[in-house]
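I have placed the structure first, in the form of structure tokens, so that the comments after it can refer back to it.
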Amino acid sequence: MSAFWGELIGTMILIALGGGVCAGVSLKKSFAANSGWIVIAMGWGLAVAMGAYAVGSISGAHLNPALTLGLSLIGKFPWADVPSYIAAQMLGAILGAVIVYLHYLPHWMATEDPGTKLGVFATGPAVYHPFSNLMSEMIGTFILVLGILAIGANKFTDGLNPLIVGFLIVSIGLSLGGTTGYAINPARDLGPRIAHALLPIAGKGGSNWKYAWIPVVGPLLGGALGALFYKNVFLGQPDPAIWVVVGIAAVLFGIVLIFSGKSAKYSVSI
């Protein structure tokens with residue numbers, strides 16, 4: 001199997017299991033309905049671990065464009081392979097979302113709220129405030145990529161690394177995920193959001209494209225900063241690229257702050 005297919009299948013498994021736990025907890029008449037945030041966080045952690053176990057020996061199991069970008073920035077992954085990896089991750093995420101849709105087919109009609117249905121596929125903020133939402137996604141992904149690199153520097157029993165990364169996902173979800181639903185992965189959010197827009201889901205509403213850029217841009221910035229921070233601080237290898245990324249982030253946050261400042265009202269997301 002090629003690395004492209006490894007990333008596609010691994011990401012498909014990730015979204016099928018991760019989106020699946022969201023569906024089980026959120027949709028009406030599921031036996032798992034209302035089982036709570038801890039179940040969702042555990043489900044996503046195990047989903048990442050299973051995706052990594054499935055294809056780690058084939059593609060390295062990035063399963064996340066933010067990780068692919070971060071590894072490339074510090075010279076641990078060839079830039080020439082970045083486009084094919086991200087394409088595979090996006091396609092795999094869409095296919096994983098389709099699997100979730102099919103698996104829970106009768107439950108869409110039984111669930112009235114369109115926002116609940118969208119939440120199975122894509123993330124959304126508990127309180128809509130773009131500056132804070134972008135910051136949350138950046139911080140979460142910074143810790144994700146920094147944590148993955150730090151985990152990789154330790155020696156574990158063979159085959160244990162994916163499970164440890166899964167626990168990292170659980171930790172991020174429990175500690176930092178309550179603000180935005182912790183996409184921390186552009187493919188995880190954008191791929192299923194596209195699937196939501198295209199699939200004939202009974203009673204669905206809009207796909208909230210107004211918010212969709214945040215769980216893409218935030219993780220990309222956070223992943224880049226996490227990897228460059230690891231290189232500069234943990235490895236002691238100065239790389240001026242970190243200041244370029246910091247500058248880009250500062251300009252973007254400034255723009256967001258200006259525009260969000262024009263509307264002082266915060267709103268609860270659907």
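As a basis for the values below, the full set of heavy atoms in this structure was taken, side chains included, without hydrogen atoms, waters or symmetry mates. Only a predicted model underlies this, so the values are computations on that prediction, with no experimental measurement involved.
Annotation for Val170 and Ala41: closest pair CG2-O, 3.4 Å, computed over non-hydrogen atoms. Residues Tyr211 and Gly124 come closest through the heavy atom pair CE2-CA, 3.9 Å. When every heavy atom of Pro114 is checked against every heavy atom of Gly205, the shortest pair comes out as CB-N, 3.5 Å. Residues Ser72 and Val82 share a closest heavy-atom pair of OG-CG2, 3.1 Å. Contact record, Ala52 with Ala61: CA-CB, 3.6 Å, taken as the closest heavy-atom pair. Heavy atoms only, all atoms of each residue included: Leu176 and Thr179 are closest at O-OG1, 3.4 Å.
Remark: Ile201 CD1 to Tyr104 OH distance equals 14.0 Å, nearest 0.5 Å. A distance of 4.5 Å separates CD1 of Ile172 from CG of Leu144, quoted to the nearest 0.5 Å. Atom CZ of residue Phe4 and atom CD1 of residue Ile9 lie 10.0 Å apart, to the nearest 0.5 angstrom.
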- [ ] Step by step, work out the side-chain contact (heavy atoms from CB on, under 4.5 Å) result for Leu95 and Ile99.
- [x] CA-CA 6 Å; Leu95 290 174; Ile99 290 172; 5.5 Å; no
Open item on the list: Set out, in order, the CA-CA distance, both residues' side-chain angles and the distance that settles side-chain contact (heavy atoms from CB on, under 4.5 Å) for Leu46 and Leu17, then state yes or no.
Closed with: CA-CA 8 Å; Leu46 292 171; Leu17 295 178; over 6 Å; no
Just list the side-chain donor-acceptor pairs under 3.5 Å for residues 181-188, sequence neighbours left out, or say none.
residue, atom, partner, partner atom, Å
Asn185, OD1, Ala187, N, 2.9
Asn185, OD1, Arg188, N, 3.2
Asn185, ND2, Leu63, O, 2.8
Arg188, NH1, Phe121, O, 3.0

Show me the donor-acceptor pairs within less than 3.5 Å that the side chains of residues 191-200 make with the rest of the protein, sequence neighbours left out.
residue, atom, partner, partner atom, Å
Arg193, NE, Asp189, OD1, 3.0
Arg193, NH1, Ser207, O, 2.8
Arg193, NH1, Asn208, O, 3.3
Arg193, NH2, Thr123, O, 3.1
Arg193, NH2, Asp189, OD1, 2.8
Arg193, NH2, Asp189, OD2, 3.2
His196, ND1, Ser207, OG, 2.8

Indicate every side-chain donor-acceptor pair of residues 213-237 with a distance under 3.5 Å to a residue at least two apart or in another chain.
residue, atom, partner, partner atom, Å
Lys231, NZ, Asp239, OD2, 3.0
Asn232, OD1, Asp239, N, 2.8
Asn232, ND2, Leu228, O, 2.8

Identify each donor-acceptor pair in which a side-chain atom of residues 85-93 lies under 3.5 Å from a protein atom, sequence neighbours left out, and give them as a table.
residue, atom, partner, partner atom, Å
Tyr85, OH, Ser59, O, 2.7
Gln89, NE2, Glu7, OE1, 2.8
Gln89, NE2, Thr68, OG1, 3.1

List, one per line, each side-chain donor-acceptor pair under 3.5 Å for residues 19-29, sequence neighbours excluded.
residue, atom, partner, partner atom, Å
Ser26, OG, Cys22, O, 2.9
Lys28, NZ, Glu112, OE1, 3.0

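Here Asp81 pairs with nothing under the salt bridge (Lys or Arg N to Asp or Glu O under 4.0 Å) rule; sequence neighbours left out. A search for side-chain contact (heavy atoms from CB on, under 4.5 Å) contacts involving Met109 returns Ala202, not counting sequence neighbours. The side-chain contact (heavy atoms from CB on, under 4.5 Å) search around Leu160 returns Phe156, Leu163, Ile164, not counting sequence neighbours. Applying the side-chain contact (heavy atoms from CB on, under 4.5 Å) test to Met135 and every residue at least two apart in sequence or in another chain returns Phe131, Met138, Ile139, Phe253. Residues passing the salt bridge (Lys or Arg N to Asp or Glu O under 4.0 Å) test with Lys76, sequence neighbours excluded: none. Residues satisfying the salt bridge (Lys or Arg N to Asp or Glu O under 4.0 Å) test with Lys204, not counting sequence neighbours, are none. Every residue meeting the side-chain contact (heavy atoms from CB on, under 4.5 Å) condition with Ser171, not counting sequence neighbours, appears here in chain and number order: Ser175.
Checking side-chain atoms of Trp108 against main-chain N and O of Tyr101 turns up a donor-acceptor pair under 3.5 Å. A donor-acceptor contact shorter than 3.5 Å is absent between the side chain of Trp44 and the backbone of Gly166.
Crowding of Asn34 atom CG: a count of heavy atoms from other residues, nucleotides or ligands under 6.0 Å not exceeding 12. Counting heavy-atom neighbours within 6.0 Å of Tyr53 OH, excluding the residue itself, gives a total above 12. Atom CH2 of Trp5 has 12 or fewer neighbouring heavy atoms from other residues, nucleotides or ligands inside a 6.0 Å radius.
Met42 and Ile15 fall within the same hydrophobic cluster, defined by Ile, Leu, Val, Met, Phe, Trp and Tyr side-chain heavy atoms under 4.5 Å apart, directly or through other members.
Looking at Leu73, Leu67, Leu69 one by one, the single match for side chain to side chain contact (heavy atoms under 4.5 Å, CB included) with Leu71 turns out to be Leu67.
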